[in-house]
Amino acid sequence: MFLALRSTFTIFVKNLLPIRNMDKVTYNGLTFEPYLTRDDIAREVKRIAGEIKQSYADDNPLFLCVLNGAAIFAVDLFRECGIPQSEITFIRFKSYEGTSTTGTAKQVLGLNESIEGRTVIVVEDIVDTGVTAKELLKVLREKNPREVKLASLLFKPDSLQTGVKPDYIGFSIPPKFIIGYGLDIDGKARNLRDIFVLSEQQ
Ligand code: IMP
Ligand code: MG
């Protein structure tokens, strides 16, 4: 009787506080702990959207989502902004072996729209060393947009090697490995609604 009551009570409380009771998850034999909840994320998406709207509500900004990691954040942010004339497009930013003396170079795949004279809001999942963002911004600026802004859900300031700080940041976090809400480990875990951090106790 007591046990039955206790489990009923536990289920009741869990339903009231589903996020705070998030469980650990395991990928590739590694344990990840709950870190940022879906409510935390939604709140920051809303805040960033408010900032973008303040500047570009009457503009026709092009949201440029960097696949794959930013897909979920970009769609949520794009909708939350709700700017009538805005558009969204999805690109990949790939390394390739260049024939020039520099060896490797980067190429933007999937950008079919002209960005000349337009406001472009690049949407990234995370800026870690900043190498990817720096190279991408350089390639985009060569296409003569009016303005390029960078929105990143996550930013690891202590890992930054390039001085490229996003214009819009959801969370500044320590240099730990995280997954969920688009961020992956070997292609997995992007579908988690919350963000998890690699546990220090493995
Ligand atoms: P960069 O070091 O700023 O160039 O970031 C390169 C890429 O590394 C990001 O776009 C992510 O795809 C990936 N990355 C960096 N930190 C994490 C992390 O904590 N979890 C998952 N992917 C990450
Ligand atoms: Mg990425």
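Just so we're clear, the structure is a prediction, and the values are computed from it rather than from any experiment.
With no hydrogens or angles considered, no side-chain donor-acceptor pair links Gln161 and Thr129 at under 3.5 Å.
No side-chain heavy atom of Leu198 sits less than 4.5 Å from a side-chain heavy atom of Ile185. For the pair Leu77 and Tyr168, the minimum side-chain heavy-atom distance is 4.5 Å or more. With contacts defined as side-chain heavy-atom distances shorter than 4.5 Å, the pair Val127/Val164 does not qualify. A heavy-atom distance below 4.5 Å is found between the side chains of Ile52 and Phe63.
For Ser199 (side chain) and Gln202 (main-chain N/O), no donor-acceptor pair under 3.5 Å exists by modelled atom type. Judged by distance alone, the side chain of Lys156 and the main-chain N or O of Lys176 form a donor-acceptor pair under 3.5 Å. In this structure, the side chain of Arg92 does not engage the main chain of Gly110 through any donor-acceptor pair within 3.5 Å.
Within a 6.0 Å radius of CZ in Arg47, more than 12 heavy atoms belonging to other residues, nucleotides or ligands are found. No more than 12 heavy atoms of other residues, nucleotides or ligands shown are found within 6.0 angstrom of CD on Gln85.
In this structure, CD1 on Ile126 lies 8.5 Å from CG on Leu153, to the nearest 0.5 angstrom. In this structure, CD1 on Ile195 lies 12.5 Å from CZ on Phe32, to the nearest 0.5 angstrom. Separating the CG atom in Leu62 from the CD atom in Glu113 is a distance of 5.5 Å, to the nearest 0.5 Å. We find the CZ-CD1 distance between Phe155 and Ile173 to be 10.5 Å, quoted to the nearest 0.5 Å. In this structure, the separation between OG on Ser86 and CD1 on Ile121 is 8.5 Å, given to the nearest 0.5 Å. Arg193 CZ to Asp39 CG: the interatomic distance, rounded to the nearest 0.5 Å, is 11.5 Å.
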I'd like to know whether Phe78 forms a side-chain contact (heavy atoms from CB on, under 4.5 Å) with Val123, so could you lay out the CA-CA distance, the side-chain angles of the two residues, the decisive distance to 0.1 Å, and finally the verdict. CA-CA 10 Å; Phe78 177 65; Val123 187; over 6 Å; no
Report the C-alpha distance between Thr132 and Glu124 in whole Å, list the side-chain angles of each, state the deciding distance to 0.1 Å, and finish with yes or no for side-chain contact (heavy atoms from CB on, under 4.5 Å). CA-CA 10 Å; Thr132 310; Glu124 270 284 15; 3.9 Å; yes
Under the criterion side-chain contact (heavy atoms from CB on, under 4.5 Å), I'd like the reasoning laid out for Ile178 against Phe171: C-alpha separation, chi angles, the key distance, then a yes or no. CA-CA 12 Å; Ile178 55 168; Phe171 304 91; over 6 Å; no
Where do Ile91 and Leu64 land on the side-chain contact (heavy atoms from CB on, under 4.5 Å) test, with the steps shown first? CA-CA 7 Å; Ile91 62 155; Leu64 210 150; 3.1 Å; yes
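When every heavy atom of Ser159 is checked against every heavy atom of Pro175, the shortest pair comes out as OG-CB, 3.3 Å. Pairing each heavy atom of Phe177 with each of Ile179, the nearest pair is CE2-CG2, 3.6 Å. The two atoms that bring Phe90 and Ile88 nearest to each other are CZ-CD1, 3.8 Å, heavy atoms only. A pairwise comparison of heavy atoms in Gly182 and Ile72 identifies N-CD1, 3.9 Å as the closest pair. Pro84 approaches Ala57 most closely through the heavy-atom pair CD-O, 4.1 Å.
Annotation: side-chain hydrogen bond (donor to acceptor under 3.5 Å, both in side chains) contacts of Asp186 (sequence neighbours excluded): Asn28. In terms of the side-chain hydrogen bond (donor to acceptor under 3.5 Å, both in side chains) criterion, Lys46 has no residue partners (sequence neighbours excluded). Residues forming a side-chain hydrogen bond (donor to acceptor under 3.5 Å, both in side chains) with Asp58 (at least two apart in sequence, or on another chain): none. Considering only residues two or more places apart in sequence or on other chains, Phe73 meets the ring pair (Phe, Tyr, Trp, His ring centres under 6.0 Å) condition with none of them.
Salt-bridge annotation for Lys138 and Glu135: absent, with no side-chain N of the basic residue lying under 4.0 Å from a carboxylate O of the acidic one.
Note on residues 142-152: pairs passing side-chain hydrogen bond (donor to acceptor under 3.5 Å, both in side chains), not counting sequence neighbours, are Tyr56-Glu147, Asp59-Arg146, Thr119-Arg146. The side-chain hydrogen bond (donor to acceptor under 3.5 Å, both in side chains) contacts involving residues 74-84 comprise Asp76-Arg79, Asp76-Tyr181, where partners must be two or more places apart or lie in separate chains.
Under a hydrophobic-cluster definition in which Ile, Leu, Val, Met, Phe, Trp and Tyr are linked whenever side-chain heavy atoms come within less than 4.5 Å, directly or via other members, Leu192 and Leu30 are assigned to the same cluster.
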